[in-house]
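By convention in this document, chain letters (A, B, ...) are assigned in the order of the sequence lines, proteins followed by strands, and residues within each chain are numbered from 1. The shown structure was predicted, so the numbers you read here are calculated from the model rather than taken from an experiment. These numbers come from the heavy atoms of this one structure, side chains and all, not from hydrogens, waters or symmetry mates.
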Number of protein chains: 2
Amino acid sequence: MRNTFHKLRDDIENGILTGDFAPGERLDETQLAERFGVSRTPIREALMQLSAIGLIEFRPRRGALVADYGPKYVFEMFEVMAELEGMAGASAARRHTPEDKTLLLNAHLRCEEATANDDTDAYYYENEAFHHVIYAASQNSFLSEQCALLHRRLRPYRRLQLRVHNRMKASFDEHKQIIEKILSGDAQAARELLLAHVRVQGDRFSDLIASLEKIKAKATSDR
Amino acid sequence: MRNTFHKLRDDIENGILTGDFAPGERLDETQLAERFGVSRTPIREALMQLSAIGLIEFRPRRGALVADYGPKYVFEMFEVMAELEGMAGASAARRHTPEDKTLLLNAHLRCEEATANDDTDAYYYENEAFHHVIYAASQNSFLSEQCALLHRRLRPYRRLQLRVHNRMKASFDEHKQIIEKILSGDAQAARELLLAHVRVQGDRFSDLIASLEKIKAKATSDR
DNA sequence: GTCAAATATTTTGTATACAAGGTTTGCCAC
DNA sequence: GTGGCAAACCTTGTATACAAAATATTTGAC
């Protein structure tokens, strides 16, 4: 069985990724301890782990803050994510097994259902599963882990663009092409399609931030 | 000022990377506490952080073990490292600043000195600095951090091939070409050169393992 | 009434204490 | 002598305690 601090780490991490703990927020150890019904010790151990992967930051004598990356940094993360996904896709095209093929087609089918039902929540979930199948199909477990990790870290930022006009349909169409190239073993094409597929999310995030900045600037000048 | 657990983390990490603590070795918290003259609490906090980045593993009720990746996993890590370095190189070719140019040429110069003196230890150090300059020149701080992190994790495995015949000279020649492509802004060429430059290390590592396996198998059959 | 300084309180960072589980050793049986 | 079981000991995992530092509050002066 897993230990308390494992569970706490996942719970707190989840809280951060779902926005339960907002970026920049201070995480009070005593409060967390009460909330989870444990002592401060395992809470601290969980926080230490989260700080090591960059999800929170320790300020000396001032405790833990939820990391608040600037927009530039988030965009950079999307850039790296795109490259890693491209790599996974290329590797999957070269090395996928027959089982991977089944899994890919199944995952795609479930995405199709979500699209047909116009169920963005379901699509969000199935989309994640689809990408994880690609990671696994790369036959590179380290790459797969890194992709999954970064994917998770970017989750709150992808959330923002969930319901952008027509994005679900566009995403689904891109998946279709990606699958085709992976299954036909066209590594280069798979790489480029995935690169673009992920990059567009970074671009959208940038656009979003830019428009927010503009609004903010306008509000300031109006004052 | 930094806290005790920061220093401990770095010390223990260093111990692992330098081979002071061997892969698979168990890290006794009490022993470490005595050794560093502190209580078990900050030791644990340091270990938690190291476990989060995958340098050690916690076995329930059995404490921390230095992670002992199989050869396949290490090879996979080199594959990802190669891709990330390629990305950094391409990005550096597109976006390096005049200051980056100076830093790159200086780093290269110091590599040249080490080569001229046939000083593999110095070359090892300067080579690392050279690669870090490329990371920074990518102008992508997240990518830079990820590269540095993975680079560090692979250090003990690169160490094995330090004195392979003529590797230093070959490496230096590759650097020369890489610099050329980065400074001339040829992103694609820079990417491919760096990809190959790092991959060769993974290949060498594989070869080494394969030959070790062969020796081991022979020893077994001779029994 | 406001600003500043001093004190009180809260909170972090480290040490110590204790309980549960795992390992080792020693003893007994075969 | 060897194998298995039991008990003692050792280590981890969590809780509590305590000291140092930062923050909040209150009081006093202008």
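Extent of DNA chain C lying under 4.0 Å from chain B heavy atoms, first and last nucleotide in 5' to 3' order, is C:dG13 to C:dT23.
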Got a list of side-chain donor-acceptor pairs under 3.5 Å for residues 87-94 of chain A, not counting sequence neighbours?
residue : atom : partner : partner atom : Å
A:S91   : OG   : A:R95   : NE           : 3.3
A:S91   : OG   : A:R95   : NH2          : 3.2
A:S91   : OG   : A:S138  : O            : 2.8

Validation: residues 62-70 of chain B side-chain donor-acceptor distances under 3.5 Å, sequence neighbours left out:
residue : atom : partner : partner atom : Å
B:Y69   : OH   : B:G54   : O            : 2.4
B:Y69   : OH   : B:R153  : NH2          : 3.1

Identify all side-chain donor-acceptor contacts of residues 8-17 of chain A below 3.5 Å with residues at least two apart in sequence or on another chain.
residue : atom : partner : partner atom : Å
A:R9    : NE   : A:Q49   : OE1          : 3.4
A:D10   : OD2  : A:R2    : NH1          : 3.0
A:D11   : OD2  : A:K7    : NZ           : 3.0
A:E13   : OE1  : A:R152  : NH2          : 3.2
A:E13   : OE2  : A:R152  : NE           : 2.9
A:E13   : OE2  : A:R152  : NH2          : 2.1

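Scored by the side-chain hydrogen bond (donor to acceptor under 3.5 Å, both in side chains) test, A:H108 finds no partners at all (sequence neighbours excluded). Not counting sequence neighbours, A:E113 has no partner by the salt bridge (charged side-chain N to carboxylate O under 4.0 Å, His left out) test. Scanning for salt bridge (charged side-chain N to carboxylate O under 4.0 Å, His left out) contacts around B:E57 gives B:R59, with sequence neighbours left out. For A:R44, the side-chain hydrogen bond (donor to acceptor under 3.5 Å, both in side chains) criterion is met by A:E29, B:E45, not counting sequence neighbours. Applying the salt bridge (charged side-chain N to carboxylate O under 4.0 Å, His left out) test to A:E76 and every residue at least two apart in sequence or in another chain returns A:K72.
Rounded to an integer number of Å, the gap from CD of B:E29 to P of D:dG13 is 6 Å. Between B:R59 atom CZ and D:dT11 atom P the separation is 19 Å, expressed in whole Å. In this entry the distance linking CZ of B:R62 with C1' of D:dT12 reads 12 Å, nearest Å.
The neighbour count for A:Y125 OH, taken as heavy atoms of other residues, nucleotides or ligands under 6.0 Å away, does not exceed 12.
If you check residues 50-58 of chain A against DNA chain C, the residues with a heavy atom closer than 4.0 Å are A:F58, listed by number. Contacts of residues 5-16 of chain A with DNA chain C (heavy atom under 4.0 Å): none. DNA chain D lies under 4.0 Å from at least one heavy atom of each of the following residues of residues 39-47 of chain B: B:R40, B:R44.
Closest non-hydrogen pair, A:P71 versus A:F205, comes out as O-CE2, 3.8 Å.
Between A:H132 and A:Y135, the ring centre distance stays below 6.0 Å.
When side chains are defined from C-beta on, B:H151 does not count as touching B:Q146, because their heavy atoms never get closer than 4.5 Å.
We find the CE-CG distance between A:M81 and A:L194 to be 9.5 Å, quoted to the nearest 0.5 Å.
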